[in-house]
Amino acid sequence: MYDIIERKRDGGVLSDAEIGFFVDGYTSGRIPDYQASALLMAIYLRGMTAEETRLLTMHMMNSGDVMDLSSIPGATVDKHSTGGVGDKTSLVIVPMLAAMDPGHTFVAKMTGRGLGHTGGTVDKLESIPGFDAALTVDAFLSCVREHGASIIGQTGNLVPADKLIYALRDVTATVSCVPLIASSIMSKKLAAGSSCILLDVKVGSGAFMKTVPEAVELARAMVEIGEGMGRRVKALITNMNRPLGRNIGNALEVAEAIETLQGRGPSDLAHEAIMLASDLLELTGHFDREEAEMRAHRVIEDGSALAKLREIVAAQGGDVRAIDDASLLPQARLHETLHAPHDGFITRIDTERVGVATAELGGGRITLDDKIDHSCGITLLKNYGDPVECGEPIAIAHANDIGKLTAGLTTLSGAYTFGTNEPPPRRALALRERDGIGRHIRALSP
């Protein structure tokens, strides 16, 4: 291990055997924290080549269980978001995809819980009474085969190397390192087994990647890893300088996802969901982009995506009545409205601060052991660029504890910046990355 640290410290390239020695040795406990920390810092400072990053990902992926999806009779697709505020797109696109190409395209999605200012899909789904996100692997695969899709939490032995290495990165100031971020994300996505992977890389104030160049670098690294491992991969870069949709918080986001599948959701969420679903279906090779997008619109218009959500929820033990009656979802007891301090326009929203406010209200967690209240969160009545009048309601905070309500509302009020002049429109940027073809960035509707 000393020789491996020394080689990377001096800017050398690590071999397959050296990277495997590190991952296997640290996961098994043979390599102590102080040596692993030294190597992580050397990687942080010296970087890794694309091949080193791919090898690190491969060894992390193989450190635990790897899902075998060969029993599923069609293309298997998965989507990963790097984390955002109000990002409930998985709740929308999973049933959409199962309805867009039934019997041929399957969504076998393993996902995580929320942490810090970002939400987690498992937490959101567990807002539905009775929903079981802890299916056995056999039950999970059976649900995918029979219903076209299933969403569960990550199994306990999925990429154990990542859990250990990430915990060490968190306390050694080595989190913000693209090769380490990319290998962490892709090792889990690859271990989940799907053949087609869409990466939604968030950029902006509510994302981990604050600038477009940072997001592009991460997207490129992850696509190279995935394609180097024989998967079909695309990366999209989407705007997180404003929350996605109107609702932030677990049960609130479920309700908004249902509204979107009913054709009544906010335009930004509906548009992003259609974009993601279309790109994933195109990635299977079954349809071109035009046909994929037509199918995405159709499954919302004809109600088949909503029917598929009911089917998936019922298959995983959830109360399907909550799909048609949002009052059956958890409801907060306390509600406080935030008002505009003066006339003008909303010129900026600190999206990360909105996410922090949601956690303070009770709807998020600081550590994975924290309990969350599924009913808590925020409803945005006004968003970036909207005109406001003095005293006009701009947001509603929902909580069950007066102290948490006060703290969350204070943080939320500090997330808004107001001005007298209308700000320029912000358009979400979507980056597509294809190996050997290059990339292009297209503007989406605000």
Can you tell if the side chain of [X] reaches within under 4.5 Å of the side chain of [Y], non-hydrogen atoms only?
X: T57; Y: L190; result: yes
X: P266; Y: E256; result: yes
X: K210; Y: V203; result: no
X: V254; Y: I128; result: yes
X: D200; Y: E272; result: yes
X: E360; Y: L412; result: no
X: L97; Y: L281; result: yes
X: M96; Y: I274; result: yes

Set of residues satisfying salt bridge (charged side-chain N to carboxylate O under 4.0 Å, His left out) with respect to R169, sequence neighbours excluded: none
Could you check whether [Y] and [X], counting side-chain N and O atoms only, form a donor-acceptor pair closer than 3.5 Å?
X: S71; Y: R145; value: yes
X: S205; Y: E352; value: no
X: T379; Y: H398; value: yes
X: K79; Y: T89; value: yes
X: K202; Y: T238; value: yes
X: N241; Y: T351; value: no

Shortest non-hydrogen separation from [X] to [Y] and the atoms involved:
X: A314; Y: V320; answer: CB-CG1, 3.5 Å
X: A305; Y: P95; answer: O-CB, 3.4 Å
X: A108; Y: I72; answer: CB-CD1, 4.5 Å
X: A133; Y: V122; answer: CB-CG1, 3.9 Å
X: N383; Y: P243; answer: ND2-O, 3.9 Å
X: K8; Y: E52; answer: NZ-OE2, 3.0 Å

Donor-acceptor under 3.5 Å ([X] side chain, [Y] main chain):
X: E51; Y: V13; result: no
X: S37; Y: Y34; result: no
X: R295; Y: D101; result: no
X: R232; Y: S195; result: no
X: T411; Y: A357; result: no
X: S194; Y: C196; result: no
X: Q35; Y: D33; result: no
X: D373; Y: G362; result: no
X: T82; Y: V201; result: no

Audit row: K88, T121, side chain to side chain contact (heavy atoms under 4.5 Å, CB included) steps and yes/no: CA-CA 7 Å; K88 70 282 293 180; T121 301; over 6 Å; no
Greater than 12 external heavy atoms within 6.0 Å of R321's CZ: no
Stepwise side-chain hydrogen bond (donor to acceptor under 3.5 Å, both in side chains) test for N250 and D123: CA-CA 6 Å; N250 298 290; D123 297 319; 5.6 Å; no
To the nearest 0.5 angstrom, please state how far the [atom1] atom of [X] sits from the [atom2] atom of [Y].
X: I43; Y: L14; atom1: CD1; atom2: CG; answer: 6.5 Å
X: I396; Y: L252; atom1: CD1; atom2: CG; answer: 10.0 Å
X: S90; Y: I151; atom1: OG; atom2: CD1; answer: 6.5 Å
X: I323; Y: L261; atom1: CD1; atom2: CG; answer: 9.0 Å
X: H59; Y: T27; atom1: NE2; atom2: OG1; answer: 11.0 Å
X: L269; Y: T260; atom1: CG; atom2: OG1; answer: 4.0 Å

Salt bridge (charged side-chain N to carboxylate O under 4.0 Å, His left out) assessment of R298 paired with E301: CA-CA 5 Å; R298 187 170 66 203; E301 292 166 359; over 6 Å; no
Whether [Y] and [X] form a salt bridge (side-chain N of Lys/Arg under 4.0 Å from carboxylate O of Asp/Glu) is what I want to check.
X: E282; Y: K234; value: yes
X: D324; Y: R310; value: yes
X: R220; Y: E224; value: no
X: E227; Y: R54; value: no

Trace of the side chain to side chain contact (heavy atoms under 4.5 Å, CB included) decision for V85 with L244: CA-CA 7 Å; V85 177; L244 186 60; over 6 Å; no
Working for side chain to side chain contact (heavy atoms under 4.5 Å, CB included), residues V299 and S304: CA-CA 5 Å; V299 296; S304 58; 3.4 Å; yes
Full working for side chain to side chain contact (heavy atoms under 4.5 Å, CB included) between S150 and Q316: CA-CA 8 Å; S150 181; Q316 296 192 221; 2.8 Å; yes
Those residues that, when tested against A192, pass side-chain contact (heavy atoms from CB on, under 4.5 Å) (two or more places apart): D78, M110
Set of residues satisfying side-chain contact (heavy atoms from CB on, under 4.5 Å) with respect to A149, sequence neighbours excluded: V94, A98, V107, I312
Could you tabulate the donor-acceptor pairs under 3.5 Å formed by side-chain atoms of residues 170-186, not counting sequence neighbours?
residue : atom : partner : partner atom : Å
T172    : OG1  : L168    : O            : 2.7
T172    : OG1  : T174    : OG1          : 3.0
S183    : OG   : P179    : O            : 2.9
S183    : OG   : L180    : O            : 3.1
S184    : OG   : D162    : OD1          : 2.6
S184    : OG   : D162    : OD2          : 3.4
S184    : OG   : K188    : NZ           : 3.3

Report all side-chain donor-acceptor pairs from residues 17-25 shorter than 3.5 Å, counting only partners two or more places apart or in another chain.
residue : atom : partner : partner atom : Å
E18     : OE1  : R7      : NE           : 3.4
E18     : OE1  : S15     : N            : 2.9
E18     : OE1  : S15     : OG           : 3.4
E18     : OE2  : R7      : NE           : 2.9
E18     : OE2  : R7      : NH2          : 3.3

Within residues 129-143 or reaching into it, pairs that qualify as salt bridge (charged side-chain N to carboxylate O under 4.0 Å, His left out) - sequence neighbours excluded: none
